[in-house]
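Heads up: the structure comes next, in structure tokens.
What you see is a predicted model, and the numbers here were worked out from it, not measured in a lab.
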Amino acid sequence: HDRFGRQVALEADASADQLASMALEHISMAAHDYDRAVARLKILAESTFAVALVLGLIFVSATVRSVSRPATAISRAAGAVARGDYAAATKLAAKCGGKSGNGQTTTPRSELGQIAVALADMAESLENRERRLKSHREISSVCASTIDLATLLDTAASELAQHTGSHVAAIYICSEGKLKATGTFGISAQDADASLAGPGGLAEQAARSGEPIVLTDIPDDARFIVRP
């Protein structure tokens with residue numbers, strides 16, 4: 001019985017040692033797999049962070065450029081307006097979608113585009129004001145240099161035509177109950193008087209009503225000849 005018991009004990013010890021060895025091997029393999037998984041997760045996290053950092057830098061760079069470029073263009077246009085170049089602001093507003101080819105104004109979606117349109121409106125107002133002041137100066141200079149009424153009215157007609165963008169202009173004076181072209185631009189006084197042939201002409205209607213008359217469809221007329 002003792003001999004059988006010792007044999008069983010020896011076999012049990014051998015089995016226990018074998019089980020312990022196998023368990024230790026499995027634990028070692030599990031620890032190795034865990035270390036490998038942790039290393040992979042670390043590499044994946046570092047790679048994800050690097051990609052996110054690069055994408056963030058690209059996004060920030062694109063955002064900064066999208067803001068800095070229009071801001072720089074607006075700054076240059078403002079400098080050009082300060083030097084008297086009003087067309088630069090209008091071109092910038094058209095580029096931002098705020099000014100169409102027919103002169104109509106639209107509201108851009110971006111704030112910088114709206115600033116560009118406001119700058120163009122300011123430049124247009126300054127240009128018109130400068131043009132009016134120039135016309136007043138020219139007329140004042142003629143008034144101070146001559147007392148000839150025809151010369152004075154010719155200058156006034158020229159400045160008025162340039163200010164309104166017209167090809168021809170005529171200033172009539174009522175003399176002896178009749179309108180007579182005294183100051184003209186782009187048309188001779190004779191042609192201007194001939195345009196009054198017959199009662200109810202435009203100049204007569206404007207003189208009688210005291211109100212301006214605007215024509216939207218002027219037919220071709222040989223009596224009106226645009227002269228350089």
Side-chain angles (χ1 to χ4, degrees), residues 77 80-95 97-106 116-228:
V81 171
R83 294 189 298 270
D85 182 11
Y86 303 110
T90 304
K91 292 179 180 178
L92 177 62
K95 187 177 181 180
K99 293 281 187 179
S100 60
N102 54 8
Q104 295 181 351
T105 302
T106 57
V117 172
L119 179 62
D121 292 338
M122 182 190 70
E124 184 177 355
S125 178
L126 289 175
E127 185 177 13
N128 291 334
R129 182 180 180 184
E130 182 178 340
R131 192 180 300 167
R132 287 195 301 269
L133 292 176
K134 181 181 178 181
S135 299
H136 294 166
R137 184 174 64 251
E138 293 292 337
I139 295 176
S140 299
S141 177
V142 173
C143 290
S145 61
T146 182
I147 59 174
D148 182 57
L149 183 60
T151 302
L152 176 61
L153 294 181
D154 282 342
T155 303
S158 174
E159 294 297 330
L160 180 63
Q162 294 180 17
H163 180 70
T164 57
S166 303
H167 292 125
V168 295
I171 299 177
Y172 296 89
I173 292 182
C174 185
S175 177
E176 298 179 358
K178 294 182 180 181
L179 293 176
K180 181 176 179 59
T182 307
T184 59
F185 171 80
I187 185 175
S188 65
Q190 293 78 10
D191 291 336
D193 287 334
S195 65
L196 294 177
L202 291 176
E204 182 180 349
Q205 294 180 34
R208 290 183 181 276
S209 64
E211 298 291 337
I213 298 177
V214 179
L215 297 181
T216 58
D217 52 347
I218 301 178
D220 295 332
D221 194 328
R223 293 174 294 178
F224 291 92
I225 303 174
V226 179
R227 294 185 174 87

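In this structure, the separation between CG on L179 and CD1 on I171 is 13.0 Å, given to the nearest 0.5 Å. Atom CZ of residue R137 and atom CD of residue E159 lie 9.0 Å apart, to the nearest 0.5 angstrom.
Contact check for I173 versus L153: side-chain heavy atoms found under the 4.5 Å cut-off.
In terms of heavy atoms, I187 sits closest to A169 at CG2-O, 3.8 Å. For A80 against A88, the heavy-atom pair with the smallest separation is CB-CB, 3.6 Å. Annotation for T184 and A181: closest pair CG2-CB, 4.2 Å, computed over non-hydrogen atoms. Across V168 and G186, no two heavy atoms sit closer than the pair CG1-O, 3.4 Å. Closest approach of A161 to F185, counting heavy atoms only: CB-CD2, 3.3 Å.
E130 and K134 are not joined by a salt bridge, as no carboxylate oxygen comes within less than 4.0 angstrom of a charged side-chain nitrogen.
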